[in-house]
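Every chain is numbered from 1 and lettered A, B, ... according to where its sequence line falls, protein lines coming before strand lines.
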2 protein chains.
Amino acid sequence: MARPRKAQELDIGRRAVEETIRLVAQRGDFDVPLTEVALAVGCTAPALYGHFRNKCALLIAMRDEGFNRLYEVKAAVSERMRSDPFGYLREGSYAYARFALHNPTLYRLMFSPPPKLGVGDDPWSSENGRRVLALLLNGLRESQDHGYLPGADLRRQGLMFWSTVHGAVSLNLENQAMDPAAKWDATRDVIDTLMEMIAATGRRNPPAGS
Amino acid sequence: MARPRKAQELDIGRRAVEETIRLVAQRGDFDVPLTEVALAVGCTAPALYGHFRNKCALLIAMRDEGFNRLYEVKAAVSERMRSDPFGYLREGSYAYARFALHNPTLYRLMFSPPPKLGVGDDPWSSENGRRVLALLLNGLRESQDHGYLPGADLRRQGLMFWSTVHGAVSLNLENQAMDPAAKWDATRDVIDTLMEMIAATGRRNPPAGS
DNA sequence: CCTTAAAAGTTAACGTCGTTCATTTATGGA
DNA sequence: TCCATAAATGAACGACGTTAACTTTTAAGG
């Protein structure tokens with residue numbers, strides 16, 4: 001056999017990304033053989049080269065999909081919390097941390113990709129990364145309207161905020177000495193500490209609009 | 001030739017670690033062939049297996065050496081800043097960031113090691129990592145004595161502090177869109193933002209001891 | 001001194017994996 | 001029905017981690 005029947009015309013590109021995400025999560029390492037990906041997809045390894053220039057391209061596609069999913073999670077929280085911007089800062093961070101803790105290997109690929117991929121690991125350089133940052137900045141701006149962080153530079157605060165959450169996640173992510181619950185507790189504790197610090201900036205200035 | 005003369009008895013273990021650090025930095029990726037390490041050391045690849053169980057063991061040794069160097073840098077700053085604990089928080093963070101920006105690949109190996117290494121990436125689980133954290137906690141405690149962070153839980157603050165600095169470093173580290181100076185500026189800006197936030201907690205309570 | 005056993009590398013070889021090449025087969029239009 | 005093209009296959013290559021078998025230096029003992 002050399003070319004499959006039209007019946008099984010399942011977009012091999014999409015499936016490869018999905019299966020790679022699955023295998024990577026299962027393995028706990030993004031060093032998965034192309035043969036296994038191909039097997040999961042239902043083809044052979046060289047067939048993948050018709051859809052991706054090489055293995056790095058596949059991993060990059062997987063990384064982009066990761067940013068897609070992260071954005072969707074955060075956008076959903078943003079929608080739900082539309083009326084409470086300060087609450088969004090907290091819940092959005094929780095959701096971010098949960099995403100990372102539930103997809104540790106994918107998260108590592110997104111934010112600490114092997115240099116071979118040739119991508120800057122700056123998340124806001126990709127379109128979806130930028131949108132995630134935009135959600136955060138939006139939450140900060142609206143929180144500022146509610147009296148928090150008076151007079152603060154939003155972009156600075158945003159980058160510090162993201163640094164803190166990402167740092168907490170990153171430090172706790174693959175610590176084998178902690179069970180998942182402990183990782184979550186430790187990460188949430190950092191987020192809470194940050195939120196308390198921001199909250200402290202607002203107590204002196206109750207909602208400016210009221 | 002099968003066994004070298006006693007004259008050239010250069011501890012191959014140490015040299016392998018040094019050369020690996022050098023090659024990894026030069027390459028910008030810790031995926032360096034053992035053959036190259038061996039060549040740099042002056043032996044053949046299989047000879048390394050007399051000193052390290054496998055390649056992972058070599059990388060782990062390199063990681064430990066990284067924590068050694070980081071600790072020494074931070075300890076030096078701590079010594080120099082002994083009289084100004086709040087200043088140490090800033091200068092120690094600067095030094096930390098400089099270390100990371102000057103040794104990006106080593107830093108990545110320390111804090112985002114490939115799972116294959118079998119080490120938790122929790123830095124304070126290793127002895128030298130714990131000592132770095134101890135320096136930070138010490139700085140926080142003494143800053144508290146000077147009126148900053150009144151009534152705060154030091155361990156919580158310490159973990160948040162480290163999360164922020166590590167997060168900033170990690171996000172800016174390998175962003176190919178930024179030149180080294182820009183990376184430094186962005187990282188320092190996050191540190192400064194954090195320091196200003198901590199400083200704000202102290203302005204209301206001038207040095208308690210005076 | 002000579003012999004001998006262990007030590008420490010070296011060369012050769014194997015297995016895995018990413019990647020390429022030539023080949024084969026299904027597809028869609030003339 | 002026949003042909004050009006697209007798409008995937010199986011075989012093969014090269015790099016690399018790792019292991020096995022061999023070789024030679026070192027150190028000790030008779």
Side-chain angles (χ1 to χ4, degrees), chain A residues 1-24 26-63 105 109 113-119, chain B residues 1-17 19-21 23-24 26-63 105 109 113-119:
Chain A
M1 187 209 309
R3 179 173 180 173
R5 308 302 172 83
K6 194 174 184 181
Q8 34 181 320
E9 242 198 59
L10 273 189
D11 188 8
I12 206 174
R14 297 272 173 224
R15 293 215 45 205
V17 173
E18 290 172 17
E19 294 299 329
T20 306
I21 289 181
R22 196 177 55 77
L23 287 171
V24 150
Q26 167 183 322
R27 222 172 228 259
D29 189 352
F30 37 78
D31 209 359
V32 46
L34 278 188
T35 307
E36 258 186 64
V37 176
L39 183 67
V41 169
C43 63
T44 62
L48 296 173
Y49 284 79
H51 302 264
F52 302 94
R53 187 154 33 91
N54 51 25
K55 190 181 183 180
C56 287
L58 173 59
L59 290 180
I60 290 176
M62 173 180 163
R63 195 176 100 109
T105 313
L109 180 64
K116 298 279 179 166
L117 295 203
V119 297
Chain B
M1 188 206 310
R3 179 172 181 174
R5 305 303 169 81
K6 195 174 184 181
Q8 34 180 322
E9 242 199 57
L10 272 189
D11 188 9
I12 207 174
R14 298 273 172 223
R15 294 214 45 204
V17 173
E19 295 298 330
T20 305
I21 289 181
L23 286 171
V24 150
Q26 168 183 322
R27 223 173 227 259
D29 189 351
F30 36 79
D31 210 359
V32 46
L34 278 188
T35 307
E36 259 186 63
V37 176
L39 182 67
V41 170
C43 63
T44 61
L48 296 173
Y49 285 78
H51 302 263
F52 303 94
R53 189 152 35 91
N54 51 26
K55 189 182 184 179
C56 287
L58 172 59
L59 290 180
I60 290 176
M62 173 181 163
R63 195 176 100 111
T105 314
L109 180 63
K116 298 278 179 165
L117 295 203
V119 298

Axis-to-axis angle across the helix from dC1(C)-dG30(D) to dA30(C)-dT1(D), five pairs an end, to 10 degrees?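 Angle reported: 20°, given to the nearest ten degrees.
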Write down the atom of [X], the atom of [Y], and the distance for their closest heavy-atom approach.
X: L34(A); Y: K55(A); result: CD2-CG, 4.0 Å
X: P115(A); Y: G28(B); result: CG-O, 3.0 Å
X: F52(B); Y: A16(B); result: CE1-CB, 3.8 Å
X: A38(B); Y: T44(B); result: CB-C, 3.3 Å

Annotated protein contacts, base or backbone, on nucleotides 15-22 of chain C with a non-hydrogen cut-off under 4.0 Å, one of B, S, - each: --SSBB--
Side chain to side chain contact (heavy atoms under 4.5 Å, CB included) partners for P33(A), two or more places apart: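 Only R27(A), E36(A) meet the side chain to side chain contact (heavy atoms under 4.5 Å, CB included) criterion with P33(A).
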Determine: side-chain N/O of H51(B) to OP1/OP2 of dA8(C), distance under 4.0 Å, yes or no.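 Negative; the distance criterion is not met.
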Between T44(B) and dG9(C), is there a contact of a side-chain N or O with OP1 or OP2 at under 4.0 Å?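 Negative; the distance criterion is not met.
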Quick check: are there more than 12 heavy atoms from other residues, nucleotides or ligands sitting under 6.0 Å from CZ of R14(B)?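 At most 12 heavy atoms, drawn from other residues, nucleotides or ligands, come within 6.0 Å of this atom.
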Write down the distance between [atom1] ([X]) and [atom2] ([N]), rounded to a whole number of angstrom.
X: R15(B); N: dG9(C); atom1: CZ; atom2: C1'; value: 16 Å
X: L59(B); N: dC16(D); atom1: CG; atom2: C1'; value: 14 Å
X: L48(B); N: dT19(D); atom1: CG; atom2: C1'; value: 14 Å
X: I12(A); N: dA6(D); atom1: CD1; atom2: C1'; value: 13 Å

Taking 4.0 angstrom as the limit, do E18(A) and R15(A) come out as a salt bridge?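 Between R15(A) and E18(A) there is no salt bridge, as every charged N stays at least 4.0 Å from the carboxylate O atoms.
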For the atom pair CZ (F30(B)) and CG (L58(B)), what is the distance rounded to the nearest 0.5 Å?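 If I round to the nearest 0.5 Å, the distance is 13.0 Å.
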